[in-house]
Amino acid sequence: MFGILCFKGLEPLKKQEDSYSIDICRMNFVAQKIRLAIIWRGFAVVKVIKSFIFLMFLVFYIPQFALACDPEPGPQHFVSPSIENPPLSTGYFEVHNTLNGLPCNQIRCLSTASEGPLLVGTDGGGLMVYENNSWLSFSPTSTPPFPAKTVSTVIEEAGNTWLAGTPDGLVRISHKNGWSFEKILLQGPLSRNILFLSKDHEDLLAGTDNGAGAIGGNMEMPFRMADGMLVTGFSCGTPWKESQLFGGGQGVFRVQSESLFPLRPDNIDLGWVQAFAKLGEILLIGGSKGLFRLDKTEAVTTALPDVWITALGAMPGLTDIPSDQPNHSLDVNEMKSFFDMAVASPSLSGAVVESGEYKKIMDRIEAMLPWFNNPANYSSPDWPKKSNEYFELMEEVAKFAGKPVAAVPLLKGVWIGMQEDGLILYSTDGQRRHFTRENSKLPSNRISAITTDDTGETWIGTTDAGLLRYCKYKLSDNKAQVTVWSGEVQVLKNVADRLFIGTKANGLLVFDPRTLEQKGSYSSLTHPGFHKRVTGLTLDPKGSLWVSGDAGVWRIDASGVKGFGVKDGLSSGTIEAIESDADGRIFAVGQPTNGKGFLSEQIMQFDGTHFISYSRDNVKAILELPPASAAQGLKGLGLRDTYVRNFDVKHASMSLALYEKPDVLVHANALLGITAYLLIGTREGQLAIFDGEGFKPLSKNGPGIFGPIIGLARRPNGDHLIIGEQGIVLFNGENYTKIPQLASPSGAIWQDLTADDLNTDLFWAAFRTEGGKDGGVALYQNGGWQMFPHPTPVKKVAVADPYIFLAEPTKVIRRLK
């Protein structure tokens, strides 16, 4: 008994795991000494021992329970997160795969990044084109048909025309009057299986599975192999020093007098060469034995040994692999172009230019320019901080022009794709980053193609899981917005590719987020008794949609539409929130009597037919059932074999007394179902958990004060998001990280939060200004906000690529992302 009491009393202490273990050991030691004393002295000491146990209970247990009701987070309650993401503070990662509109996941090649459409060759899915934020797919069965299922290489030929190499020859692609495709019948001895194409001035170079050569018109001019060598295939090529280089299964070959001669660097085995990238007078060679550097003297050195490299992408303007010393020289021209664009904006009137506020901002910007133009500062550790300040000022200038300015420059450098080990970036900020499927948004560790442009925007193709895009994030101009629905909105969510609008007086509406066609309507007119005011919705693992509101809870699924009310176990007619977890449990939050109450009386769980309250009276009633029924009832509520704690049935009276702190009366309004516990938020700004043992408020020492809690969410990496009107907090299961407030407007009041659908580790937040006349949305990534102002307060936000939906006070609008 003594050991049990001490253990339970010490579990929630405000201590680190090590000290926690020491105290448990100390208590076990004391208990052991007591057992020995009992054996040694006999039953005469029993009364003394009982008195000592009671005394220790008073000393240890009761004071610690006071702390247990207000615990700090720690390993005793929470599950640690998974791998951290690579440290990136700028740029936005989009994942494109078949789950969000990409026609095929098997990527073979990419056209050079440019202002026009991106062409993507696939293995089995034909040709894909990305244009105007959407994907097109062409194959032998499409209209118009593309003459091959597999595209191994694609390059730009001229304006609006490209050439594609396929296993069945060459195809010309045109985009002058729609998309058209012409198969070119080549004459010559080369294989029809074209593995790569490259251009050298007017010459078109081609590599196939049994040779390489030049193509003129429809004629092939093969290069002879020196010394009668046999080569299995050529998979890459590039112009180099008034000649051409080809890479393949036997290394690198140079063209001399229309013959191919092997390049054999001393004591270096390049392996199977699959990629080249030019950096001024340096050529990077990617092979199965590593990354190599060929300089203008023809010397070959090893840059990255013992990795199998399949793709390279070097940003134009680089002259070598970035070192570990920061060099931001490439950012200077970009910063100047942003400055010129803002100053020359035709929407800047003379009155604006002459205004004192505008001049004050411009004076600050111009005062910063000499520092950025000084090469001595290119490696300064102050560069990130000062450049962020510069672009924040540029955003202020953009407000005068009525349009956004591009965000902080992307990371620039050399991207290295590997056969099985993901992606490496050598960047000009002096860092080397290794991206994998496990620590980033990279959808696969098998990289097949990379293309990057002079701004740093980069596309990465994988052999089996689609594409990753690294880009800046800009919202479209306000003129592109469309009104989706007019009225007051309580809930706005994109779920299973449908936009759900929960209204204040018209029930629930369902739209296709792309066509804006209304797909459903649920109200008291269509389904008698349904909500007028919707407060929440959630989709359970079985695909059923649960909707809370002023008419209890309703379930919508393939079997029909069914309502649940007070007669079905709900504590009140109006339900504040609804939540489902990964295990299929459904939780509902009822309204407390007199505005505040015990958490246990406000929260219910669905048992398959009814809702069951977590109230202390209900738990007591379950305990009075026969043992088998009681065990089943406790497990159904998660009090046994469910969460990180178990209700102590052997000491039921004491456990009931400790089930909930007696003086904490709050109004619950947000839930987050986690495998290890149920996280609860309240209008008073209090966080609490139900961990299987009882309801426990969390200490405010960690997160601080963030005002009424309006939402809880979980990111794919395991972090929890807690949003209150006055602040947002990240919680990784053990520690809190306060998200900085917006720099401008400084009085922003948060209204809603949602994850981004192309990069779910990022999130959007809606806000209104303190005066309530306007607001906006902001995108958060790795310590910083990108803010997009809006002329009215934004109550709710939802995203469905390529769109973002905003709920204004009287309507829902859609804007292009």
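Quantities reported herein were computed from a predicted structural model and do not represent experimental measurements. Below, each value reflects all heavy atoms present in this structure, side chains not excepted, and no hydrogens, waters or symmetry copies.
- You'll find the side chain of Lys199 stays beyond 4.5 Å of the side chain of Leu205, heavy atoms only.
- Using a 4.5 Å cut-off on side-chain heavy atoms (C-beta onward), Thr463 and Ile107 make no contact.
- The two residues Leu279 and Ala314 make their nearest non-hydrogen contact at CD2-CB, 3.3 Å.
- Counting heavy atoms from C-beta on, the side chains of Gln786 and Tyr780 never come closer than 4.5 Å.
- Side-chain contact check for Ile215 versus Asp203: every heavy-atom pair is 4.5 Å or farther apart.
- In the model, Thr141 has a side-chain atom that pairs as donor or acceptor with a side-chain atom of Ser139 under 3.5 Å.
- For the residue pair Asp168 / Thr166, no side-chain donor-acceptor distance below 3.5 Å is found, with atom types taken as modelled.
- Within 6.0 Å of CG in Asn177 there are 12 or fewer heavy atoms belonging to other residues, nucleotides or ligands.
- In terms of modelled atom types and a separation under 3.5 Å, the side chain of Thr302 and the main chain of Pro305 share no donor-acceptor contact.
- Minimum heavy-atom separation, Val414 to Pro322: CG2-CD, 3.9 Å.
- In this structure, the separation between CG on Leu204 and CD1 on Ile155 is 5.0 Å, given to the nearest 0.5 Å.
- Proximity of Leu190 to Glu220: side-chain heavy atoms (C-beta onward) are separated by under 4.5 Å at one or more points.
- Atom CH2 of Trp459 is separated from atom OG1 of Thr452 by 12.5 Å, given to the nearest 0.5 angstrom.
- With hydrogens and angles left out, the side-chain atoms of Asp464 and Ser444 include a donor and acceptor closer than 3.5 Å.
- To the nearest 0.5 angstrom, Ile309 atom CD1 is 10.5 Å from Ile285 atom CD1.
- A distance of 12.5 Å separates CG in Leu330 from CG in Leu410, rounded to the nearest 0.5 Å.
- The salt bridge (charged side-chain N to carboxylate O under 4.0 Å, His left out) search around Asp421 returns none, not counting sequence neighbours.
- Without hydrogens or angle criteria, Ser448 side chain to Gly461 main chain gives a donor-acceptor distance under 3.5 Å.
- Val255 and Leu260 make their closest contact through CG2-CD2, 3.6 Å (heavy atoms, listed as atom of the first residue, atom of the second, distance).
- Among residues two or more places apart in sequence or in another chain, the salt bridge (charged side-chain N to carboxylate O under 4.0 Å, His left out) test is passed with Glu298 by Lys241, Arg254.
- A pairwise comparison of heavy atoms in Thr458 and Gly456 identifies OG1-O, 2.9 Å as the closest pair.
- Among residues at least two apart or in separate chains, salt bridge (Lys or Arg N to Asp or Glu O under 4.0 Å) pairs with a member in residues 268-285 are Glu281-Lys296.
- Surrounding CD of Gln256 are more than 12 heavy atoms belonging to other residues, nucleotides or ligands, all under 6.0 Å away.
- At least one side-chain heavy atom of Trp179 sits under 4.5 Å from a side-chain heavy atom of Val129.
- By the neighbour-count criterion of 12 heavy atoms within 6.0 Å, atom CH2 of Trp383 is densely surrounded, having more than that number from other residues, nucleotides or ligands.
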Would you sort out whether Asn193 and Thr208 count as a side chain to side chain donor-acceptor pair (under 3.5 Å), showing the intermediate values?
CA-CA 6 Å; Asn193 185 7; Thr208 73; over 6 Å; no
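- Within the model, atoms OG1 of Thr462 and CD of Gln106 stand 8.0 Å from one another, a figure rounded to the nearest 0.5 Å.
- The backbone N or O of Leu119 lies less than 3.5 Å from a partner atom in the side chain of Ser111, making a donor-acceptor pair.
- The shortest distance between side-chain heavy atoms of Asp266 and Val300 does not fall below 4.5 Å.
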Run the side chain to side chain contact (heavy atoms under 4.5 Å, CB included) test on Asp756 and Phe763 for me, step by step, so that the C-alpha distance in whole Å, both residues' side-chain angles and the decisive distance to 0.1 Å come before the verdict.
CA-CA 5 Å; Asp756 188 84; Phe763 58 86; over 6 Å; no
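- Taking the salt bridge (charged side-chain N to carboxylate O under 4.0 Å, His left out) definition, one finds that Arg514 meets it with Asp497, sequence neighbours left out.
- Arg437 is not listed as a side-chain neighbour of Pro443, based on a closest heavy-atom distance of 4.5 Å or more.
- Listed for the Ser152 side chain is no donor-acceptor partner under 3.5 Å among the backbone atoms of Leu195.
- Salt-bridge formation is detected for the pair Asp331/Lys412: a Lys NZ or Arg NE/NH1/NH2 atom is positioned less than 4.0 Å from an Asp or Glu carboxylate oxygen.
- Here salt bridge (Lys or Arg N to Asp or Glu O under 4.0 Å) pairs that include residues 152-161, with residues two or more places apart or in two chains, are Glu157-Arg172.
- Residues Phe181 and Pro145 share a closest heavy-atom pair of CD1-O, 3.3 Å.
- Closest non-hydrogen pair, Ser142 versus Ser137, comes out as CB-O, 3.9 Å.
- With hydrogens and angles left out, the side-chain atoms of Ser427 and Asp429 include a donor and acceptor closer than 3.5 Å.
- Ile194 contributes atom CD1, which lies 5.5 Å from atom CG of Leu186 (distance to the nearest 0.5 angstrom).
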Can Ile321 and Leu284 be said to form a side chain to side chain contact (heavy atoms under 4.5 Å, CB included), step by step?
CA-CA 9 Å; Ile321 302 173; Leu284 297 184; 3.6 Å; yes
Please tabulate, one pair per line, all N/O donor-acceptor pairs under 3.5 Å involving side-chain atoms of residues 96-104, not counting sequence neighbours.
residue	atom	partner	partner atom	Å
His96	ND1	Trp135	NE1	3.2
His96	NE2	Glu94	OE1	2.8
Asn97	OD1	Leu99	N	3.0
Thr98	OG1	Asn105	ND2	3.2
Asn100	OD1	Asn97	N	3.0
Asn100	ND2	Val95	O	2.7

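- Listed by first and then second residue, the side-chain hydrogen bond (donor to acceptor under 3.5 Å, both in side chains) pairs that reach into residues 304-322 are Gln274-Trp308, Arg293-Asp320, sequence neighbours excluded.
- Under the 6.0 Å cut-off for aromatic ring centres, Phe223 and Phe253 do not qualify, their centroids lying 6.0 Å or more apart.
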Can Ser134 and Asn132 be said to form a side chain to side chain donor-acceptor pair (under 3.5 Å), step by step?
CA-CA 6 Å; Ser134 62; Asn132 298 325; over 6 Å; no
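- Legend: ring pair (Phe, Tyr, Trp, His ring centres under 6.0 Å) pairs involving residues 274-302, not counting sequence neighbours: none detected.
- Residues satisfying the side-chain contact (heavy atoms from CB on, under 4.5 Å) test with Met368, not counting sequence neighbours, are Phe372, Glu389, Tyr390, Leu393.
- Taking Lys386 as the reference, nothing meets the salt bridge (charged side-chain N to carboxylate O under 4.0 Å, His left out) condition, with sequence neighbours excluded.
- Every side-chain hydrogen bond (donor to acceptor under 3.5 Å, both in side chains) that Glu131 has, sequence neighbours left out, goes to His175.
- By the side-chain contact (heavy atoms from CB on, under 4.5 Å) test, Thr737 is found to be paired with Leu730, residues two or more places apart in sequence or in another chain being considered.
- Taking the six-membered ring for Trp, Tyr470 and Trp415 have ring centres closer than 6.0 Å.
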